[in-house]
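We're numbering straight along the sequence, starting at 1. Keep in mind that what you see is a predicted model, and the values were worked out from it rather than measured.
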Amino acid sequence: DFRGIQIPYEGSHYGSEHGATNPFTPGPDFGIFSWQQQKWRRDMPGWNLKDNYEFGFRMTGYTWDIDWTLLFWNARDDAPVAHGKEVNAYILQYITAGVFSQILGRGINPPDVSEYDKRVYYFKRYQTFGGTAQTVVKPLWDTVWRFEWYYEKNRPLNVGTDGDKAATYGWTRRNILGGALQCSKYIRIPWFTESVLANNSQMNVALTYFYEKVLNFKNDLVVDSRDHKAGASSTDSLTLFVQQDLLQGSFMFIFTGNYFLRTKKWMAVPALTYVLPGKHWRWDVGYVAWGVGREDYIVRSTDRKDSIFTRIRYEF
């Protein structure tokens, strides 16, 4: 059944900074987005067979040396859209609490979400059509090419003044078309591939180009959550994936990085995996780096939040 999206709390490592979302000081102890998220959860539909369901189908085939897939999915959006009138009345409570925090010099203490009984956020239903295709192109150095596409019909989107989610005044529906083209190949690196470290294991490299466009676009559509620039109907990105087995497969180096060409956002994740004796256990350690370009085109929430991670996985 349906599960709504959850965002990191403000002030946490992956959450937005208080100063970027809370105009009232002092009082950064209760961020407005965290307060709104409590209302999201309260407005989420509960489990029922009438309207809280998801369904779809997937069809696969192999034609002309192309491995292809077609799919359909019908579900509620896991991100909410706001009722134009009620969201402003609801946010006014936070603004009022912020004004009092300025006057009294204390932290913001907005009313509990349970005190506002009117529904503010809706999780609307939409349909997704999509497909994949994969083949080997021998004339192009035996590279593997993959193509994925999707068409979101009647996708719900918030609308706000100049596309600002902080100035949301309602919601609408739009159709969204997107796709990704990937080229991958195993590469032999002179000297390194034959070394004791690589033990004749070639490096797997994949480069992916992604493009998305919101059809019938209007400037007030809130699209920053889809990594669009404000006022831009389309976005695109490049993703690089590198994998190299080491020491007869006892270790594995993986690098994943992406760069959004319009918003200048980027992410880089180098990681090393140790394959523990047996078939199932893996130990990962890595570094996650985030960043944006010189000009921040969308709300900054993840840059300067680099982190080191470690995890133990059980695969089956």
query: Between Q243 and F253, does a side chain to side chain contact (heavy atoms under 4.5 Å, CB included) hold up when you go through it step by step?
result: CA-CA 6 Å; Q243 177 180 314; F253 171 78; over 6 Å; no
message: Please tell me whether T63 and W68 have a donor and an acceptor in their side chains that are separated by less than 3.5 angstrom.
response: yes
task: Return yes if some donor-acceptor pair links the side-chain N/O of T310 with the main-chain N/O of D284 below 3.5 Å, else return no.
output: yes
message: Using the rule given for side chain to side chain contact (heavy atoms under 4.5 Å, CB included), can you reason through F260 versus L238, listing the C-alpha separation, both sets of side-chain angles and the distance that settles it, and then say yes or no?
response: CA-CA 7 Å; F260 285 89; L238 291 172; over 6 Å; no
query: Just by distance, with hydrogens left out, do T69 and T132 show a side-chain donor and acceptor under 3.5 Å apart?
result: yes
message: To check you understand the geometry: which heavy-atom pair defines the closest contact between F123 and P45, and what is its length?
response: CD1-CD, 4.0 Å
task: Give me the one residue out of K124, R173, R155 that meets salt bridge (charged side-chain N to carboxylate O under 4.0 Å, His left out) with D77.
output: R155
- prompt: Applying the 4.5 Å side-chain criterion to the ILVMFWY set and letting contacts propagate, would I187 and F255 be lumped into a single cluster?
  reply: yes
- request: Give a yes or no on whether the backbone of D43 and the side-chain of R119 come within a donor-acceptor separation of less than 3.5 Å.
  value: yes
message: Rounded at 0.5 Å granularity, tell me how far OH in Y126 sits from CH2 in W73.
response: 9.5 Å
query: Is there a side chain to side chain donor-acceptor pair (under 3.5 Å) between Y150 and E212 once you walk through the steps?
result: CA-CA 9 Å; Y150 62 88; E212 177 185 273; 2.5 Å; yes
task: Begin with the C-alpha distance, continue with both residues' side-chain angles, and end with the deciding distance and a verdict on side chain to side chain contact (heavy atoms under 4.5 Å, CB included) for W141 and K185.
output: CA-CA 8 Å; W141 309 285; K185 179 176 174 58; 4.0 Å; yes
task: Say whether, by atom type as modelled, one donor and one acceptor occur between the side chain of N199 and the main chain of E194 under 3.5 angstrom.
output: no
statement: Value for OG (S201) from CG (L246), rounded to nearest 0.5 Å, stands at 7.5 Å
query: Given the rule in the side chain to side chain contact (heavy atoms under 4.5 Å, CB included) test, do S250 and V275 qualify, once you have shown the distances and angles that lead to the verdict?
result: CA-CA 5 Å; S250 297; V275 181; 5.7 Å; no
- prompt: Using 30° and 60° as the class limits, which term best fits the ring planes of Y121 and Y90: parallel, tilted or perpendicular?
  reply: perpendicular
task: Can you label the angle between the W283 ring and the Y274 ring as parallel, tilted or perpendicular, going by 30° and 60°?
output: perpendicular
query: Relative to each other, are the rings of F72 and F129 parallel, tilted or perpendicular (30° and 60° limits)?
result: tilted
- line: On a heavy-atom basis, the closest approach of W149 and L70 is CZ2-CD2, 4.3 Å
field: Side-chain donor/acceptor of W266 to backbone N/O of L261, under 3.5 Å
entry: no
- prompt: Do L247 and W281 share a hydrophobic cluster, counting only Ile, Leu, Val, Met, Phe, Trp and Tyr and linking them when any side-chain heavy atoms are less than 4.5 Å apart?
  reply: yes
- prompt: Does one hydrophobic cluster hold both L157 and F217, with members joined at side-chain heavy-atom distances below 4.5 Å?
  reply: yes
message: Applying a strict under-4.5 Å side-chain criterion to I, L, V, M, F, W and Y, I'd like to know whether L221 and V81 cluster together.
response: no
field: Backbone N/O of Y53 and side chain of R125: donor-acceptor pair under 3.5 Å
entry: yes
Considering all heavy atoms, the nearest A180-T208 contact: CB-CG2, 4.0 Å
- prompt: What's the spacing between D67 CG and T135 OG1 if we round to 0.5 Å?
  reply: 9.0 Å
- prompt: Quick one: does D112's side chain have a donor or acceptor within less than 3.5 Å of a partner on S114's backbone?
  reply: yes
- prompt: Are the side chain of T235 and the backbone of D227 linked by a donor-acceptor contact shorter than 3.5 Å?
  reply: yes
task: Measure across A271 and F309 and return the closest heavy-atom pair with its distance rounded to 0.1 Å.
output: CB-CZ, 4.0 Å
task: Examine H280 together with F316 and report whether their ring centres are nearer than 6.0 Å.
output: no
- line: P80 and N158 have their tightest heavy-atom pair at O-ND2, 3.4 Å
field: Polar side-chain atom of N175 near backbone of N154 as donor-acceptor pair, under 3.5 Å
entry: yes
- request: Give a yes or no answer on whether the side chain of T143 reaches the backbone of L140 with a donor-acceptor pair at less than 3.5 Å.
  value: yes
- request: Establish whether F147 and V205 are linked, either directly or via other cluster members, by ILVMFWY side-chain heavy-atom contacts under 4.5 Å.
  value: no
- line: Here the gap from Q202 atom CD to D245 atom CG, rounded to the nearest 0.5 Å, amounts to 11.0 Å
- prompt: Going by distance alone, is a donor N or O of one side chain under 3.5 Å from an acceptor N or O of the other, for Q127 and Y151?
  reply: no
query: Going by distance alone, is a donor N or O of one side chain under 3.5 Å from an acceptor N or O of the other, for S233 and K213?
result: yes
query: Going by an N to O cut-off under 4.0 Å, is there a salt bridge joining E315 and R282?
result: yes
field: Approximate separation, where rounding is to 0.5 Å, of N88 CG and H83 NE2
entry: 10.5 Å
field: Reported OG1-to-CZ distance for the pair T273 and F251, which is rounded to 0.5 angstrom
entry: 10.0 Å
- prompt: Does Q182 offer a backbone N or O that forms a donor-acceptor pair with the side chain of R146 under 3.5 Å?
  reply: no
- prompt: Which atom pair, heavy atoms only, marks the closest approach of G231 to N219?
  reply: O-OD1, 3.7 Å
